[in-house]
Amino acid sequence: MNPINVGLCGVGTVGGGTVTVLKRNAIEITRRAGRPIVITMAANRDLVRAREICGDNITLTDNAMDVVNNPDIDIVVELIGGTTIAKDLVLAAIANGKHVVTANKKLIAEHGNEIFARATEKGVMVAFEAAVAGGIPVIKALREGLTANKIEWVAGIINGTSNFILTEMRDKGLAFADVLKEAQRLGYAEADPTFDIEGHDAAHKLTIMSAIAFGIPVQFDKAYLEGISKLSAIDIQYAQELGYRIKLLGMTRRREQGIELRVAPTLIPASRLIANVDGVMNAVLVKGDAVGATMYYGPGAGAEPTASSVIADLVDITRLHTADPEQRVPHLAFQPSQMADLPILPIEEIETCYYLRINTQDKPGVLADITRLLADNGISIEAMLQRPIDKEDRADIIIITHLAVEKRINTAIKGIEALSSITGAVVRLRLEHLNG
Ligand SMILES: NC(=O)c1ccc[n+]([C@@H]2O[C@H](COP(=O)([O-])OP(=O)(O)OC[C@H]3O[C@@H](n4cnc5c(N)ncnc54)[C@H](O)[C@@H]3O)[C@@H](O)[C@H]2O)c1
Ligand SMILES: N[C@@H](CCO)C(=O)O
Ligand code: NA
């Protein structure tokens with residue numbers, strides 16, 4: 001059996017894990033793939049570090065284009081990250097007729113349509129299981145395991161760094177900045193960790209899942225995102241008193257008018273399995289019309305978990321290497337000619353439940369004013385909590401609503417903020433019951 005030759009671009013956290021796992025499990029992987037999968041060439045900025053990881057049998061270069069232009073390489077693995085050099089080298093690899101495996105969600109979410117079009121023209125595959133939820137084989141689940149279903153929604157905790165920070169802050173009372181440093185030390189965080197904290201990374205992954213779930217092009221520019229940096233400890237506490245956990249949740253839902261695509265700190269009933277996904281763990285909950293709700297749980301980041309997905313893609317491509325390109329699995333699960341043009345809905349049009357925290361003067365009639373404003377906008381209340389604020393003539397009123405359209409909530413909030421007894425801004429968080 002002649003081996004399939006792999007060229008690795010980027011020998012960092014994930015690249016290093018890929019070298020290690022391919023070597024350690026070579027026999028098992030060959031049994032599955034039908035032929036050996038061998039990294040013959042690798043590119044890295046730091047050649048000393050790459051040599052330590054790769055040993056003596058892999059040709060090294062500091063120029064990734066050497067890998068892409070090497071005629072002996074069958075599959076290029078892109079593990080550099082970002083969208084500058086990574087995009088150039090992926091497009092060059094495709095132009096050279098090579099298959100591509102990448103863990104780069106930013107690249108796929110922002111430039112996937114162009115990359116897939118080029119790959120389809122050339123009859124090569126672009127695989128990206130590692131790009132979404134690290135080690136969890138959720139792309140395969142959506143693209144293959146659930147093909148019978150009309151997917152209704154996909155919800156996920158898909159940024160390990162943010163979930164790790166929220167968990168450590170809650171359990172150990174640690175400060176945000178210290179936990180972030182630890183996440184960086186453990187190799188979870190992106191090169192620029194604001195991508196993790198402000199929701200970009202989760203939105204990249206959600207964009208990809210939304211495309212695969214609903215058969216629409218990747219549209220990261222239409223995603224709505226809010227991160228965890230403005231979340232205050234008091235809202236985490238009130239949410240807990242009301243029986244909820246706050247998670248950075250990605251939610252994409254099919255509606256008659258279009259597709260919701262949003263990432264934001266969101267309340268989830270504490271009794272839900274997904275509300276108990278802690279630390280760097282990720283989970284994706286998919287609601288299909290036939291199967292109902294299924295959940296995929298596992299490590300969303302880290303060297304070997306992510307390498308596990310990179311190598312699964314290498315095995316897939318090796319198996320299909322000689323098959324008819326027309327019969328291959330489409331990049332976004334649906335045949336390219338069958339893409340739908342459902343619009344992504346503006347955030348004002350989404351429909352969800354809300355948590356509102358209203359800081360008010362504690363005097364007669366305030367609650368009546370607030371509930372009237374909600375009722376005027378067709379918003380119904382599910383639960384309410386009032387907490388006096390120590391040594392002040394003020395109170396926090398916390399309201400959980402039933403389903404409402406966001407623009408109605410915004411109008412009600414404007415009215416509430418205009419009341420004379422209310423001074424500050426109303427805190428508004430979205431809440432998902434995630435009933436299977
Ligand atoms: N770390 C994780 O847990 C994880 C999980 C899933 C996906 N990803 C994705 O995987 C990719 C890689 O992430 P990482 O954490 O391994 O990053 P990293 O920073 O650890 O590794 C990147 C490597 O690329 C090398 N590099 C940078 N520019 C280069 C160039 N021009 N030519 C050659 N080499 C170059 C760097 O020297 C470094 O070794 C990113 O797209 C990231 O989003 C990471
Ligand atoms: N920075 C990402 C890595 C995995 O994609 C995270 O924290 O989830
Ligand atoms: Na994955």
Side-chain angles (χ1 to χ4, degrees), residues 7-19 41-50 52-54 60-68 77-90 101-110 127-143 156-166 180 183-184 186-205 208-209 212 228 248 250 279-284 296-313:
L8 176 62
C9 299
V11 192
T13 302
V14 182
T18 302
V19 172
M41 193 178 193
N44 201 45
R45 254 200 192 133
D46 179 347
L47 286 175
V48 177
R49 172 107 186 88
E52 278 167 26
I53 293 166
C54 294
L60 292 183
T61 170
D62 59 5
N63 181 358
M65 284 299 168
D66 291 347
V67 174
V68 167
V77 178
E78 185 280 305
L79 299 173
I80 289 176
T83 49
T84 46
I85 169 87
K87 185 182 176 203
D88 292 345
L89 78 87
V90 163
V101 173
T102 179
N104 191 333
K105 48 264 160 154
K106 183 170 164 58
L107 180 68
I108 297 298
E110 295 181 14
F128 46 91
E129 180 60 76
V132 181
I136 307 175
V138 67
I139 297 295
K140 282 185 208 309
L142 282 168
R143 192 162 61 186
I157 295 173
I158 43 181
N159 182 259
T161 302
S162 298
N163 204 44
F164 180 74
I165 291 173
L166 289 176
L180 173 58
Q184 286 177 298
L186 291 166
Y188 303 155
E190 294 304 301
D192 176 357
T194 51
F195 273 79
D196 295 297
I197 294 153
E198 300 301 351
H200 295 80
D201 177 76
H204 285 137
K205 295 166 183 166
I208 297 170
M209 288 197 288
I212 292 179
I228 59 168
L248 183 66
V280 72
M281 292 312 222
N282 280 194
V284 178
Y296 309 87
Y297 169 82
E304 292 203 6
T306 311
S308 166
S309 287
V310 169
I311 295 168
D313 280 342

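All ligand and atom numbering here is 1-based and tracks the order in the structure. All of these numbers come straight from a predicted model, not from anything done at the bench.
- Among protein heavy atoms, atom 3 (O) of ligand 1 sits closest to Gly302 N, 2.7 Å.
- Between Val14 and ligand 1, at least one pair of N/O atoms sits closer than 3.5 Å.
- Of all atoms in ligand 1, listed by their number and element, those nearer than 4.0 Å to a heavy atom of Glu190 are 42 (C), 43 (O).
- Of the candidates Leu79, Asn104, Leu8, the one placing a heavy atom closest to atom 22 (C) of ligand 1 is Leu79.
- Atom OH of Tyr297 sits about 9.5 Å away from atom CD1 of Ile157, to the nearest 0.5 Å.
- Interatomic distance, CG of Asn163 versus CG of Leu248, reported as 8.0 Å (0.5 Å rounding).
- Evaluated by nearest non-hydrogen atom to atom 33 (C) of ligand 1, the leading choice among Ile80, Leu47, Val67 is Ile80.
- Listed by number with element, the atoms of ligand 1 under 4.0 Å from a non-hydrogen atom of Ala130 are 6 (C), 7 (C).
- To the nearest 0.5 Å, the span separating CG on Asn104 from OG1 on Thr83 amounts to 7.5 Å.
- At a cut-off of 3.0 Å, Ala131 does not coordinate the Na ion (ligand 3) through any N, O or S atom.
- Classification of Arg143 and Glu129 as a salt-bridged pair fails, no side-chain N sitting under 4.0 Å from a carboxylate O.
- For ligand 1, the atoms sitting less than 4.0 Å from at least one non-hydrogen atom of Gly187 are 1 (N), 2 (C), 3 (O), numbered in the order shown with element in parentheses.
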Are there any protein N or O atoms under 3.5 Å from the N or O atoms of ligand 2? List them with distances, or say none.
residue, atom, partner, partner atom, Å
ligand 2, 1 (N), Tyr188, O, 2.7
ligand 2, 1 (N), Glu190, OE2, 2.7
ligand 2, 1 (N), Asp196, OD1, 2.7
ligand 2, 5 (O), Lys105, NZ, 2.4
ligand 2, 5 (O), Lys205, NZ, 2.9
ligand 2, 7 (O), Asn159, ND2, 3.4
ligand 2, 7 (O), Gly160, N, 3.3
ligand 2, 7 (O), Thr161, N, 2.8
ligand 2, 7 (O), Thr161, OG1, 2.6
ligand 2, 7 (O), Tyr188, O, 3.2
ligand 2, 7 (O), Asp196, OD1, 3.4
ligand 2, 8 (O), Gly160, N, 2.7
ligand 2, 8 (O), Lys205, NZ, 3.1

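- The Na ion (ligand 3) has an N, O or S atom of Val132 closer than 3.0 Å.
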